[in-house]
Asker: 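Have a look at the structure that comes next, please.
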2 protein chains.
Amino acid sequence: MQDPTFLILLALSDRPRHGYGILLEAKELSGGTIRIGPGTLYGALERLEDAGHVELDREEIEDGRPRRYYRLTRRGRGVLVEETQRRENLVGLAKRRLAHR
Amino acid sequence: MQDPTFLILLALSDRPRHGYGILLEAKELSGGTIRIGPGTLYGALERLEDAGHVELDREEIEDGRPRRYYRLTRRGRGVLVEETQRRENLVGLAKRRLAHR
DNA sequence: TATGATGTATCGGTCAACGATATATGGATT
DNA sequence: AATCCATATATCGTTGACCGATACATCATA
C-alpha cells in the first residue's frame, strides 16, 4: 500500500467523509505537505471498495449536488492498523540502522 | 519513494554491497518478510544511479563471474535520512489518530 | 462578471514494481 | 553421472497505482 491509499484510509478512520472531505482532511493531516488529487482519490476509492476496505455510508443531495459519504469497514480498519504496524516496524529498523554507524 | 527502493538504500547504508548481497541483506533486514526480486533490484539500481543516490564502488571478478559493488553517495545518504524522517512523521500521525478514538 | 471554493468524475500517460525468464558457475546431493 | 540449489547478473513484458489535466455544476464573493 502506498502513501495516498494509506492517507485515505487514515482520513476515514474517525468518521465517514465524502470525497472532497477526504482530500481536505488528508491535506490537514499532513500539515499541507501531502496533497491528493481527484484522479488519485476516486481510483483509490473504487479499489478500496472492491477490496471491502471502505463502503458507501450514505448519499446526500445538497443544492442538487450529490455528496457520497464513505466509511471504513471493520476489515478496512484492521488493514489500516496492520499497515501502520508494518510501517512502524520498517521505520524502526531504518532508525536503528542509521543510528549506530 | 516506495518500500523496495527504501530497502535497497537501507541495505547499502552500512557498507557497499553487490546486487545479490543487497537482496540477501534486504531479506535479512526485514526478517524474511520482504523479498525483492532481481527485476525490481536492477531497475531500481539504475534509477538510483541516474539520480546520483548510489554509485559503482568497485567491480570484482570471482570464478569468472563479475560482482558489482554499489555504494551510497553522500546525497543518497541524505535522501535516505530524509525519507526515514518523512516516514516516521507519517507513522506518528497515524498512531496518534488511531489511538484516541 | 468572473474568480474561487465546493463537489464528483473520467481520461490518458508515466513509472516503479514485479514475475518470469535467461545465462553461467560451483558445490552438494541423489 | 545427473540433478538440484545457491550464487550472481540481467532483460523483458505486464500490471497497476498514481497523477495531472480536464470537465461539469453550483454558490458565494469580489
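Chain identifiers are assigned alphabetically (A, B, ...) following the order of the sequence lines, protein sequences preceding nucleic acid strands; residue numbering begins at 1 within each chain. Just so you know, these numbers come straight off a predicted model, no measurement behind them.
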Asker: Taking only side-chain nitrogens and oxygens of Tyr20(B), does any of them come within less than 4.0 Å of OP1 or OP2 of dT7(D)?
Answerer: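 It does, given that an N or O in the side chain of Tyr20(B) lies less than 4.0 Å from OP1 or OP2 of dT7(D).
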
Asker: Is any side-chain nitrogen or oxygen of Arg65(A) closer than 4.0 Å to OP1 or OP2 of dC24(D)?
Answerer: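 Checking Arg65(A) against dC24(D): no side-chain N or O falls below 4.0 Å of OP1 or OP2.
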
Asker: What I want to find out is whether Glu82(B) reaches Arg86(B) closely enough, with some N-O distance under 4.0 Å, to be called a salt bridge.
Answerer: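 Salt bridge: no.
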
Asker: Rounded to the nearest Å, what distance is computed from the OH atom of residue Tyr69(B) to the C1' atom of nucleotide dT9(D)?
Answerer: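 That distance rounds to 13 Å.
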
Asker: How many whole angstroms separate atom OH of Tyr42(A) from atom C1' of dT22(D)?
Answerer: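 Whole-Å distance recorded here is 14 Å.
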
Asker: Measure from CD on Glu28(B) to C1' on dA6(D) and round the result to the nearest Å.
Answerer: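 Value for this atom pair: 16 Å.
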
Asker: Can you spot which of Glu62(B), Glu55(B), Glu59(B), Glu60(B) makes a salt bridge (Lys or Arg N to Asp or Glu O under 4.0 Å) with Arg68(B)?
Answerer: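 Going through the options one by one, the only one that passes is Glu59(B).
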
Asker: Let me spell it out: for each of Glu62(B) and Pro4(A), pick the nucleotide of DNA chain D with the closest heavy atom. Which residue's pick is nearer the 5' end?
Answerer: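 It is Glu62(B), whose closest nucleotide lies nearer the 5' terminus.
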
Asker: Separation of Ile34(A) atom CD1 from dA17(D) atom P, in whole Å?
Answerer: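 In whole Å, dA17(D) P and Ile34(A) CD1 are 19 Å from each other.
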
Asker: Of all nucleotides in DNA chain C that come within under 4.0 Å of a heavy atom of chain B, which is furthest toward the 5' end and which toward the 3' end?
Answerer: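 With heavy atoms of chain B under 4.0 Å away, the range is dA16(C) to dT25(C).
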
Asker: Identify all side-chain donor-acceptor contacts of residues 31-47 of chain B below 3.5 Å with residues at least two apart in sequence or on another chain.
Answerer:
from	atom 1	to	atom 2	distance (Å)
Thr33(B)	OG1	Ser30(B)	O	2.8

Asker: Walk me through it: do Met1(A) and Leu48(A) pass the test side chain to side chain contact (heavy atoms under 4.5 Å, CB included)?
Answerer: CA-CA 11 Å; Met1(A) 184 191 300; Leu48(A) 288 170; 5.8 Å; no

Asker: In whole Å, I'd like the distance from the CZ atom of Phe6(A) to the P atom of dC18(D).
Answerer: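 My rounded result for the distance is 13 Å.
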
Asker: Is the shortest distance from a Lys or Arg side-chain nitrogen in Asp57(B) or Arg15(B) to a carboxylate oxygen in the other one below 4.0 Å?
Answerer: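 No, no charged N to carboxylate O under 4.0 Å.
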
Asker: Please state whether the phosphate of dG20(D), meaning OP1 or OP2, lies under 4.0 angstrom from any side-chain nitrogen or oxygen of Arg35(A).
Answerer: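 Arg35(A) to dG20(D) OP1/OP2: side-chain N or O found under 4.0 Å.
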
Asker: Between Leu23(A) and Gln2(B), just flag the one whose closest nucleotide in DNA chain C comes earlier from the 5' side.
Answerer: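 Here Leu23(A) is the residue nearer the 5' end.
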
Asker: Are any of the side-chain heavy atoms of Leu80(B) and His53(B) separated by less than 4.5 Å?
Answerer: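 No - every pair of side-chain heavy atoms lies 4.5 Å or more apart.
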
Asker: Give, for atom CD of Glu25(A) and atom CG of Asp14(A), the distance between the pair rounded to the nearest 0.5 Å.
Answerer: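 Atom-to-atom, Glu25(A):CD and Asp14(A):CG are 6.0 Å apart.
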
Asker: Under 4.0 angstrom, heavy atoms only, what part of the nucleic acid is Pro38(A) near: base, sugar-phosphate, or nothing?
Answerer: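 Answer is base: heavy atoms of Pro38(A) come under 4.0 Å of a base.
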
Asker: Measure NE2/His18(B) against C1'/dA6(D) and give the value in whole Å, please.
Answerer: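 Taking atom C1' of dA6(D) as the reference, NE2 of His18(B) is at 12 Å.
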
Asker: Using five pairs at either end of the helix from dT1(C)-dA30(D) to dT30(C)-dA1(D), determine the angle between the two local helix axes and round it to 10 degrees.
Answerer: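 Comparing the first five pairs with the last five, the axes sit 0° apart.
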
Asker: Please confirm whether the backbone N or O of Leu24(B) pairs with a side-chain atom of Arg17(B), one donor and one acceptor, at under 3.5 Å?
Answerer: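 No: the side chain of Arg17(B) does not pair with the backbone of Leu24(B).
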
Asker: When the distance from CG of Leu41(A) to P of dA23(D) is rounded to whole Å, what number comes out?
Answerer: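 Between P of dA23(D) and CG of Leu41(A): 20 Å.
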
Asker: Using a cut-off of 4.0 Å on non-hydrogen atoms, how would the nucleic acid contact of Gly19(A) be classed: base, sugar-phosphate, or nothing?
Answerer: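 Sugar-phosphate, backbone atoms only, no base.
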
Asker: If I take atom NZ from residue Lys95(B) and atom CD from residue Gln85(A), how far apart are they, to the nearest 0.5 angstrom?
Answerer: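 So the gap between those two atoms works out to 6.5 Å.
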
Asker: Rounded to the nearest 0.5 Å, what separation is found between the OG1 atom of Thr84(A) and the CG atom of Leu93(B)?
Answerer: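 Spacing of OG1 (Thr84(A)) from CG (Leu93(B)) equals 10.0 Å.
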
Asker: Starting from P on dT11(D), measure out to CG on Leu45(B) and report it in whole angstrom.
Answerer: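 To the nearest whole Å, that distance equals 12 Å.
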
Asker: Has Thr40(A) got a side-chain N or O lying under 4.0 Å from the OP1 or OP2 atom of dA17(D)?
Answerer: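 Looking at the OP1 and OP2 atoms of dA17(D), neither is under 4.0 Å from any side-chain N or O of Thr40(A).
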
